[in-house]
Amino acid sequence: MRIGRLLLRLCVGGFFVGHGTQKLFGWFGGGGLDATAEGFEALGLRPGKAHATAAGAAEAGGGALLAAGLATPLAASVLTATMLTAIETVHLKNGPWASKGGYEYNLVLIAAALALVETGPGSLSLDGLRGRERSGAGWMLAAAAGGVLGALAARQTRRPAPAAPPTPASDAEAVEQELRTS
């Protein structure tokens with residue numbers, strides 16, 4: 001079980017680090033912060049740059065913590081928040097199956113992160129080496145609740161799309177308006 005948890009942490013955490021740095025820095029074929037912000041704006045996550053920075057930092061930071069086995073409940077919480085937001089804004093409308101753009105993969109990642117909280121990161125982790133593992137059902141539920149609260153916070157900080165600039169009235173409408181106000 002020691003090596004299995006290590007492999008799970010390194011795989012899931014490592015890929016989250018990759019996704020986060022794609023968003024933040026354009027590494028690993030990502031678009032970088034400006035392109036990610038533009039995409040987030042199109043998804044309704046406004047302001048795009050703030051949401052892209054938060055998502056990238058949560059994925060890179062949470063992934064690094066998870067991979068290292070350090071503060072695993074915190075790592076799982078921020079990763080859960082990010083995945084719940086992705087489910088709501090991108091995948092939910094497509095149903096569950098990843099082959100159709102659905103949310104199954106996001107749920108698997110949430111389950112893996114929360115399972116690592118319940119079982120603990122293991123003795124081959126920074127918390128394990130320091131004797132500070134936080135694990136068990138209570139920690140897992142706290143991490144899940146933190147993830148839900150984080151996703152709700154992301155929803156609450158969205159701003160509406162800017163209003164479209166007014167279109168100039170036709171000449172006839174302008175004349176009619178002028179006559180009504182004279």
* In terms of hydrophobic clustering (I, L, V, M, F, W, Y; side-chain heavy atoms under 4.5 Å; direct or indirect links), are L66 and F28 co-clustered? -> no

* Flag, side chain of R5 to backbone of G120, donor-acceptor distance under 3.5 Å -> yes

Sequence neighbours left out, cut at 3.5 Å: what donor-acceptor pairs do the side chains of residues 93-101 make with other protein atoms?
{"unit_1": "K93", "atom_1": "NZ", "unit_2": "V90", "atom_2": "O", "d": "2.9"}
{"unit_1": "N94", "atom_1": "ND2", "unit_2": "V90", "atom_2": "O", "d": "3.4"}
{"unit_1": "N94", "atom_1": "ND2", "unit_2": "G101", "atom_2": "O", "d": "2.9"}

* Should I87 and L45 be regarded as members of a common hydrophobic cluster, given that ILVMFWY residues are connected when their side-chain heavy atoms come within less than 4.5 Å of each other, either directly or indirectly? -> no

* ILVMFWY network linking L107 to L114, side-chain heavy atoms under 4.5 angstrom -> yes

* Asked: Heavy atoms, side chains only, cut-off 4.5 Å: are M140 and L116 in contact?
  -> no

* To do: Drop me the distance from N106's CG to L84's CG, to the nearest 0.5 angstrom.
  => 9.0 Å

* Asked: Are any of the side-chain nitrogens in K23 or E38 under 4.0 Å away from the carboxylate oxygens of its partner?
  -> no

* Residue pair G146 / S77: nearest heavy atoms and the distance that separates them -> C-OG, 3.2 Å

* To do: Measure across P121 and G69 and return the closest heavy-atom pair with its distance rounded to 0.1 Å.
  => CB-CA, 3.8 Å

* Asked: Within a strict 4.5 Å, meaning less than it, do heavy atoms of the T157 and H51 side chains meet?
  -> yes

* Is any side-chain heavy atom of L33 closer than 4.5 Å to a side-chain heavy atom of K49? -> yes

* Asked: Where is the tightest heavy-atom contact between A57 and L24, given as atom of each residue plus distance?
  -> N-CD1, 3.8 Å

* Verify the cluster assignment for L79 and Y103: are they in a single hydrophobic cluster under the rule of side-chain heavy atoms below 4.5 Å apart? => yes

* Flag side-chain contact, heavy atom, 4.5 Å: T80 against L109 -> no

* **E59 vs Q22 side-chain heavy atoms within contact, under 4.5 Å** => no

* Asked: Is there a donor-acceptor pair under 3.5 Å between the side chain of T89 and the backbone N or O of T85?
  -> yes

